[in-house]
Engineer: 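Starting off with a structure, shown below.
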Amino acid sequence: MKVVVLDDEELALENLIECVEKCKPDAEIVGFQYAEDVLDYLETNTCDCAFLDIEMSGLNGVNLAKILKEKNRNINI
């Protein structure tokens with residue numbers, strides 16, 4: 001399982017990655033601090049699940065979720 005984790009606060013990102021690792025130790029987890037970097041990554045990669053920070057400057061988690069669902073209806077957010 002491939003998981004994308006997004007949070008603009010570094011400590012929150014690290015904590016979320018750690019939580020996902022505990023819940024799903026065999027998952028491939030990729031962390032990002034900017035929504036645009038998630039979009040760039042998904043141009044050449046796939047993911048099954050995304051944990052997204054809602055309140056962010058620029059492209060926020062809600063808008064990113066809409067874009068991700070348009071690209072992959074089966075993604076879990």
Side-chain angles (χ1 to χ4, degrees):
M1 171 185 279
K2 291 185 182 180
V3 179
V4 166
V5 177
L6 169 68
D7 200 303
D8 58 346
E9 297 178 32
E10 187 173 348
L11 184 57
L13 177 62
E14 291 171 5
N15 287 336
L16 187 52
I17 290 171
E18 185 177 308
C19 287
V20 174
E21 286 174 341
K22 286 180 182 177
C23 293
K24 192 72 174 161
D26 59 334
E28 179 183 329
I29 304 166
V30 185
F32 298 94
Q33 286 188 281
Y34 302 100
E36 294 80 7
D37 292 340
V38 172
L39 291 174
D40 290 343
Y41 173 79
L42 293 176
E43 287 295 322
T44 56
N45 298 278
T46 61
C47 76
D48 303 298
C49 181
F51 290 88
L52 308 175
D53 185 3
I54 299 299
E55 293 188 29
M56 298 178 53
S57 60
L59 182 60
N60 67 37
V62 173
N63 292 330
L64 178 59
K66 291 175 185 176
I67 294 169
L68 296 181
K69 277 293 193 180
E70 288 174 4
K71 292 178 178 264
N72 177 2
R73 292 180 7 177
N74 296 322
I75 191 171
N76 293 298
I77 297 177

Engineer: Could you pull out all residues at least two apart from Glu10 that satisfy side chain to side chain donor-acceptor pair (under 3.5 Å)?
Structural biologist: none
Engineer: Check whether any side-chain heavy atom of Ile67 sits under 4.5 Å from a side-chain heavy atom of Leu59, and report yes or no.
Structural biologist: yes
Engineer: Group every Ile, Leu, Val, Met, Phe, Trp and Tyr by side-chain heavy-atom contacts under 4.5 Å, then state whether Leu64 and Phe51 land in the same group.
Structural biologist: no
Engineer: So, do Ile54 and Val62 sit near enough that their side-chain heavy atoms are less than 4.5 Å apart?
Structural biologist: yes
Engineer: Measure the shortest side-chain to side-chain distance between Asp53 and Leu16 over non-hydrogen atoms and say whether it is less than 4.5 angstrom.
Structural biologist: no
Engineer: Run the numbers on Thr46 and Asn72 for side chain to side chain contact (heavy atoms under 4.5 Å, CB included), then give the verdict.
Structural biologist: CA-CA 9 Å; Thr46 61; Asn72 177 2; 6.0 Å; no
Engineer: For Leu13, run the side-chain contact (heavy atoms from CB on, under 4.5 Å) check against Leu11, Asn15, Ile17 and tell me which one passes.
Structural biologist: Ile17
Engineer: Could you give me the CA-CA distance, side-chain angles and deciding distance for Asp26 and Lys24, then say whether side chain to side chain contact (heavy atoms under 4.5 Å, CB included) is met?
Structural biologist: CA-CA 6 Å; Asp26 59 334; Lys24 192 72 174 161; 3.4 Å; yes
Engineer: For the CD atom of Glu70 and the CD1 atom of Ile75, what is their distance to the nearest 0.5 Å?
Structural biologist: 12.0 Å
Engineer: Rounded to the nearest 0.5 Å, what separation is found between the CD1 atom of Ile77 and the CG atom of Leu6?
Structural biologist: 11.0 Å
Engineer: Counting neighbours of OH on Tyr34 that are heavy atoms of other residues, nucleotides or ligands and sit closer than 6.0 Å, is the number greater than 12?
Structural biologist: no
Engineer: Looking at CG of Leu52 and CG of Leu68, how far apart are the two atoms once the value is rounded to the nearest 0.5 Å?
Structural biologist: 6.0 Å
Engineer: Does NZ belonging to Lys69 count more than 12 external heavy atoms closer than 6.0 Å?
Structural biologist: yes
Engineer: To the closest 0.5 Å, what do you measure between NZ (Lys2) and SG (Cys49)?
Structural biologist: 14.0 Å
Engineer: Say whether, by atom type as modelled, one donor and one acceptor occur between the side chain of Asn60 and the main chain of Glu55 under 3.5 angstrom.
Structural biologist: no
Engineer: Charged N to carboxylate O below 4.0 Å: is that the case for Lys22 and Glu18?
Structural biologist: yes
